[in-house]
Amino acid sequence: MGSSLPQVYKGLDIITNKVSPQEQRLCRHHMISFVDPLVSNYTVVDFRDKAVALISFNAAAYIFARDKIPIVVGGTNYYIESLLWKVLINTKVLLGGTAPGLVTDRKVELEQLDGVELHRRLSQVDPEMAAKLHPHDKRKVARSLQVFEETGIPHSEFLHQQQEEEGGGPLGGPLKYPHSCILWLHADQAGESGLLAG
């Protein structure tokens with residue numbers, strides 16, 4: 001199961017270093033080449049929801065239901081974290097869901113504002129998150145404001161609830177799959193540079 005953001009997009013095979021069609025025939029691959037590259041509002045929540053459904057125990061076509069073990073690979077850590085740990089806040093679910101295509105992305109609207117203004121607004125509704133986020137990190141500041149605006153609950157409160165669940169900790173909520181085996185591999189950048197140089 002791929003967990004690399006660029007690889008979810010159709011096409012772009014060479015620049016995203018996707019597994020080749022020959023390699024895909026050797027082992028079933030999931031979560032690659034399924035989003036139109038012109039879609040600009042694909043989120044980590046969308047990824048997580050699709051990936052969790054594929055792993056499901058419920059339907060015969062899914063990985064656990066076929067007595068297979070999913071192996072999650074890729075380079076977008078936030079995607080991996082969203083799949084393995086309870087770390088995301090899905091305001092769409094909290095709001096009762098919305099019809100696709102009718103959603104105005106409040107986060108995108110907020111990101112159009114000045115970073116200092118965004119941070120000032122966040123300081124008023126969630127001083128704890130504002131203290132953690134730099135005013136120039138518009139993406140994260142806008143997300144925290146979006147969470148508050150769509151739920152009426154400060155983002156920091158959601159994070160505290162996740163951390164306090166059994167198995168949670170300072171980095172977030174508990175593992176979703178209790179018998180996970182997690183390996184983090186880090187490439188030596190000096191060696192990597194040498195490989196790229198020829």
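Keep in mind that what you see is a predicted model, and the values were worked out from it rather than measured. The first residue of the sequence shown is numbered 1, and numbering continues consecutively from there.
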Original post:
How would you list all residue pairs meeting salt bridge (Lys or Arg N to Asp or Glu O under 4.0 Å) that involve residues 73-90, not counting sequence neighbours?
Top reply: K86-E165

Subject >> Cluster overlap F34 with V73, hydrophobic side-chain contacts below 4.5 Å >> reply: no

**OP:** Nearest 0.5 Å please: distance from the CD1 atom of I71 over to the NE2 atom of H29.
**Re:** 9.5 Å

Original post:
Say you draw a straight line from CZ of R25 to OG of S20; how long is it, rounded to the nearest 0.5 Å?
Top reply: 7.5 Å

Original post:
In the single-linkage hydrophobic clustering (I, L, V, M, F, W, Y; side-chain heavy atoms under 4.5 Å), do V52 and L88 co-cluster?
Top reply: yes

Original post:
Roughly how far apart are H119 NE2 and M129 CE, rounded to 0.5 Å?
Top reply: 9.5 Å

Original post:
How many angstroms lie between atom OG of S156 and atom CD of Q161, to the nearest 0.5 angstrom?
Top reply: 10.0 Å

Original post:
Got a sec, which residues hit salt bridge (charged side-chain N to carboxylate O under 4.0 Å, His left out) with K132, two or more places apart in sequence or on another chain?
Top reply: E128

Subject >> CD1/I69: more than 12 non-hydrogen atoms of other groups inside 6.0 Å >> reply: no

Original post:
Which heavy atom in L145 sits nearest to a heavy atom in L110, and how many Å separate them?
Top reply: CB-CD1, 3.8 Å

Original post:
Y42 and V8: which non-hydrogen atoms are nearest, and at how many Å?
Top reply: CE2-CG2, 4.0 Å

Subject >> Pairwise distance NZ(K176) to CG(L83) - rounded to 0.5 angstrom >> reply: 6.0 Å

Subject >> V19 to Q24 - nearest heavy-atom pair and separation >> reply: O-NE2, 3.2 Å

Original post:
What closest approach, in Å, do L118 and A142 show between heavy atoms, and which atom pair accounts for it?
Top reply: CD1-CB, 4.4 Å

Subject >> Atom pair NZ/CG of K138 and L113 - distance to nearest 0.5 Å >> reply: 7.0 Å

**OP:** Please answer: with hydrophobic residues joined when any side-chain heavy atoms are less than 4.5 Å apart, are M1 and I80 in the same cluster?
**Re:** yes

Original post:
Looking at S82 and V87, what are the two nearest heavy atoms and their distance?
Top reply: CA-CG2, 4.0 Å

Original post:
Is F47 linked to I182 within one hydrophobic cluster, defined over Ile, Leu, Val, Met, Phe, Trp and Tyr using a side-chain heavy-atom separation of less than 4.5 Å?
Top reply: yes

**OP:** Give the minimum heavy-atom separation between T151 and V147, together with the two atoms involved.
**Re:** OG1-O, 2.6 Å

